[in-house]
Amino acid sequence: MLAREVLQELVQVLGAENVLTEQEDLLTYAYDATAAMKHHKPDVVVSPLSTEQVSEVVKIAGRYQIPIYPRGSGTNLSGGTIPTQGGIVLSMLNLNKIIEVDQDNLTATVQPGVIIQALNDQVTKLGLLYPPDPGTVTTATMGGSVSECSGGLRGLKYGVTKHYIMGLQLVLANGEVIRWGGKTVKNVTGYDLVALFTGAEGTLGIITEIIVKLIPAPETRKSILAVFDNLDKAGNAIASIIRNKIIPATLEIMDNATIQTVEHFVHAGLPMDAEAVLLVEVDGYKEVVEREAVLVEQILQAEGSVEVKIAKNDQERDLLWLARRSALPALAQKRPTTVLEDATVPRSKIPDMLKAIRKIAEKHRLLIATFGHAGDGNLHPTILTDQRDEDEMKRVHLAVDEIFQAAISLGGTLSGEHGIGIAKMKYLDWEFGEAGVAALRQIKEALDPNYLLNPGKIVRRD
Amino acid sequence: MSVYNSLDSITDELHKCMKCGNCMAVCPIYKETRQEVGVARGKISLVEYLLAGELDMTEGLADRFSLCTTCMACNTNCPCGVRFDKIILAARAEAVRKKGLHSVKKIAFTALKMQRLFDLGMKTGSIFQGVALKHLPHKSDRIARMRFDVGIGTEKVFPMLAKKTLRSEFPEVIRVNNPKMRVAFFTGCMINYFYTDIGKAVVEVLNENDIEVVIPRGQGCCGIPASVNGDVVSARALAKRNLRAFEKLGADALVVACSSGGTAWKHVFTELLENDPEFKALADKWAAKSYDISEFLIHKVPFKKEGLGRVQRKVTYHDPCHLNRGQGISREPREILNSIPGVEVIEMKEPGRCCGMAGSFSIVHPDLSVQISDHKTADIALTHTDTVATGCPACRLQLKSGVENAGIEEEVVHTIQILAESYRAGKKANTLKKGGITPN
Ligand SMILES: Cc1cc2nc3c(=O)[nH]c(=O)nc-3n(C[C@H](O)[C@H](O)[C@H](O)COP(=O)(O)OP(=O)(O)OC[C@H]3O[C@@H](n4cnc5c(N)ncnc54)[C@H](O)[C@@H]3O)c2cc1C
Ligand code: SF4
Ligand code: SF4
């Protein structure tokens, strides 16, 4: 429970309507989209309307040593917004203005509560694009996706969120407001704090304004579907497309378990016995797209795909993508609990990783379906289980451990895009070693010595 | 087990929810409040906490459950197929079971006041109207503003009470020569008390298509305002009353012109009466032959195209949630509009976005209701049409209030009224022609 004077001070700064204290409201901020994660009720939820208010809230929290949990839309998959120590949930959703779109400098300046799709709706009118497109573009906030450094389907060609963040306004743990970076392409003034805060999951400071880079929207696109009866062949095909110097906007893979579930769900005409399907999309100028689509088709055939389909029109394209977009929902309907991981390996190791996952599934008698962004090595092994089954959950945790071990031993990483949060904190030393974890901790303590900002995430306090 | 009887009926729906938050993208309430409790995911969690015993059924909780227009947009956008409409109905019914009707006292209280006001109005006629409502002179709709606040604010523009109720204006059986069919018309309250013009258009169009219409006197409220707020007992009584009234007169089919009535006859009555074998059978029987008027005129008895006269209107169509997502009817009204000579249909940006009326929702949350409505009004304004057509009198009220307050010149009517207008125009042209005069 918070002391009465804390609440009074918060109300004074924010107005009563922006301070939630009733338990029926608080409990709805006790969770996020992460499966099988214990929920925790915050003591208060506040929704500031300005940077100054954010700064005031941080100062109050500092005075009374109360933890602050920043929150966007709460769609992250690593427990990043769960207020594990109670305290203040800082909802950024009322800071939802697109401040400026600058066509001359190809930048946009937004508040953190802006939904990614809202930004894109605005800039597509000008023929521009903000490329990062996590599966949650229509719900996730800019602040949340910057803090998770979200990826998405276009990572291979267009990169991820961090490649588009040029400047930030930040509220530090002491309540001071700073700006870093800006509209210039080149900027080497001081340490690159913009890079540091991108992907920091709200543990180092609160983001209150974001300057992003925009690009001209590609003129057109074309989608190709290829079916494989062998995982290695699919893996070789991925490598071969890249070796031929074609960089598709998207290059997705689905394994047999995913194909079977998806096919039951949407009847998209996927062959049930296929070992893998690849879904490729090339985009750019019309002439280039036409040429690349044919090249991709030839490469896929040469690599032994048993069937290659090019979508002839938007309708056919939509049908192909329906299958891919249905992957997670279809899997999620199969069992009550869906544990979605995002272990990532160099793209040449995709077949090895897929085989390792299959072995782990067999060993622990679990249903694991894998799909993901093959082009950038980011796989989503998805464990379909039931939270209420204790024995099975034990095996799930063992399997998750082994999936991470496999990814790291193949030269990969724990998380490609979903972040560390609470969920992957304990694995950090596998990737960084003790010294690496200590370095992380030193950075955290330099910026937030009292562990007030999103404590219990990424860095464990010793 | 139906959602009206036990919270256990929805445990499977709850398990399906993976907390992805996709519902946030479409929820009209969440878009306004940006508070988690507004969206389906938030209320689902509350029901889960309740079931787990972590939260008691409090009035505060019942208040949170009132934060939903039951627009079903979240159902459609949910990747896991969660039927949130079932969850919210079950939660509200549970609230009333546990806390009694006073958990929804504001709704019950205000609704009661309104009902008394209306009945009084029917008795005292224009005197009442003068006292309670301030008439706004207008060309087509008889509308007014509340002079005093009965709990819904004075901003909302209301239709004037009809001089006579629809049901008192017609005999119980309206005969035609050589009837093809006998159809029973469930009027619903709004059409009976306020929008008798919609009711008259329904009768007119059906008669025009050689259909005998019966309007059972014994019918009453569809009970949706009660069942939606968890007052299962009242809803059940109303369901029985209506079934008895229609059974007494009998008909080959039943038509409605409001989305609540359609929902009630097609789905809710059988669910409410699942433990009453006799009435359950009746409810099933009538459910199988219940149609929305536009559905009826497209699929059951295709309406006559000859005799349709010219109607000069630019029309945009608003999809009522419970007609569109609730009953899968969105193509039919457009097909009717498109077949009327002279009518130009111009779609608005999100025709399926909730208008924010949602019956008693607009009484309990008047400000939120208006905020939601403002988006709709803005979308309508962008179409530069002169008419908004819709399939539900409750939506008509909300849409009219919206355009009126925004100062937009726009008539708001039910689709069936434009069809009736077209038949009328056809007849007029025909008489003129017979008289040797060619209309230009
Ligand atoms: C169905 C589904 C599909 C997904 N698909 C993808 C995908 O394809 N790619 C991908 O990368 N991710 C994906 N995600 C994960 C998630 O959508 C993203 O991480 C998302 O960008 C998070 O945004 P949010 O607004 O919900 O942030 P939240 O979940 O609210 O917050 C995320 C983190 O950011 C912090 N934070 C939020 N706002 C601020 C701020 N203003 N200042 C400082 N810290 C802040 C929070 O404390 C938290 O640690 C998916 C999730 C779901 C449920
Ligand atoms: S979209 Fe469906 S599964 Fe996702 S949070 Fe909402 S109700 Fe739950
Ligand atoms: S039914 Fe409509 S108002 Fe209710 S939670 Fe779903 S989207 Fe929101």
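Note on naming: letters A, B, ... go to the chains in the order of the sequence lines (proteins, then strands), and numbering restarts at 1 for each one.
- Top candidate by heavy-atom pairs under 4.5 Å with chain A, chosen from B:S45, B:C17, B:G21, is B:S45.
- No other option in A:T338, A:L93, A:I115 has as many heavy-atom pairs under 4.5 Å with chain B as A:L93.
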Can you check side chain to side chain donor-acceptor pair (under 3.5 Å) on A:T34 and A:D32, steps first, answer last? CA-CA 6 Å; A:T34 318; A:D32 51 34; 2.6 Å; yes

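- With a 4.5 angstrom heavy-atom cutoff, B:L61 touches chain A via backbone and side-chain atoms both.
- Side-chain contact, A:Y69 with A:T84: a donor N or O sits under 3.5 Å from an acceptor N or O.
- With chain A as partner, the option from B:C23, B:C78, B:G42 having the largest number of non-hydrogen pairs under 4.5 angstrom is B:G42.
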Intermediate values then yes/no, side chain to side chain donor-acceptor pair (under 3.5 Å), A:H380 and A:E417: CA-CA 10 Å; A:H380 292 310; A:E417 55 180 17; 3.1 Å; yes

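- The contact between B:C20 and chain A is made entirely by backbone atoms, counting heavy-atom distances below 4.5 Å.
- No part of A:L77 comes within reach of chain B, as not one of its non-hydrogen atoms sits under 4.5 angstrom from that chain.
- Side chains of B:T58 and A:E24: a donor-acceptor N/O pair is present below 3.5 angstrom, by distance only.
- Note: B:L46 leads B:L46, B:V39, B:V82 in heavy-atom pairs under 4.5 Å with chain A.
- Neither the backbone nor the side chain of A:D386 has a heavy atom closer than 4.5 Å to any heavy atom of chain B.
- Side-chain contact check for A:N76 and A:T81: at least one donor-acceptor pair (N or O, by modelled atom type) lies under 3.5 Å.
- Here A:G74 is the residue among A:S47, A:G74, A:G113 with the most heavy-atom pairs under 4.5 Å with chain B.
- With a 4.5 angstrom heavy-atom cutoff, B:R64 touches chain A only via side-chain atoms.
- Between chain B and the residues A:L27, A:T139, A:T138, the largest count of heavy-atom pairs under 4.5 Å involves A:L27.
- For a residue to count as touching a neighbouring chain, one of its non-hydrogen atoms must lie under 4.5 Å from one of that chain's; by this rule A:R388 touches chain B with the side chain only.
- Defined by atom type and a distance below 3.5 Å, a donor-acceptor pair is present between the side-chain atoms of B:H365 and B:S66.
- A donor-acceptor pair under 3.5 Å is absent between the side-chain atoms of A:T141 and the main chain of A:V114, judged by distance alone.
- The list of ring-ring contact (aromatic ring centres under 6.0 Å, His included) pairs with a residue in residues 30-54 of chain B, not counting sequence neighbours, reads A:H39-B:Y49.
- When heavy atoms are compared at a cutoff of 4.5 Å, A:R71 approaches chain B solely by way of its side chain, counted from C-beta outward.
- The residue among B:K16, B:R41, B:M18, B:E54 with the most heavy atom pairs within less than 4.5 Å of chain A is B:R41.
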Where do B:V37 and B:L67 land on the side chain to side chain contact (heavy atoms under 4.5 Å, CB included) test, with the steps shown first? CA-CA 8 Å; B:V37 78; B:L67 278 171; 3.9 Å; yes

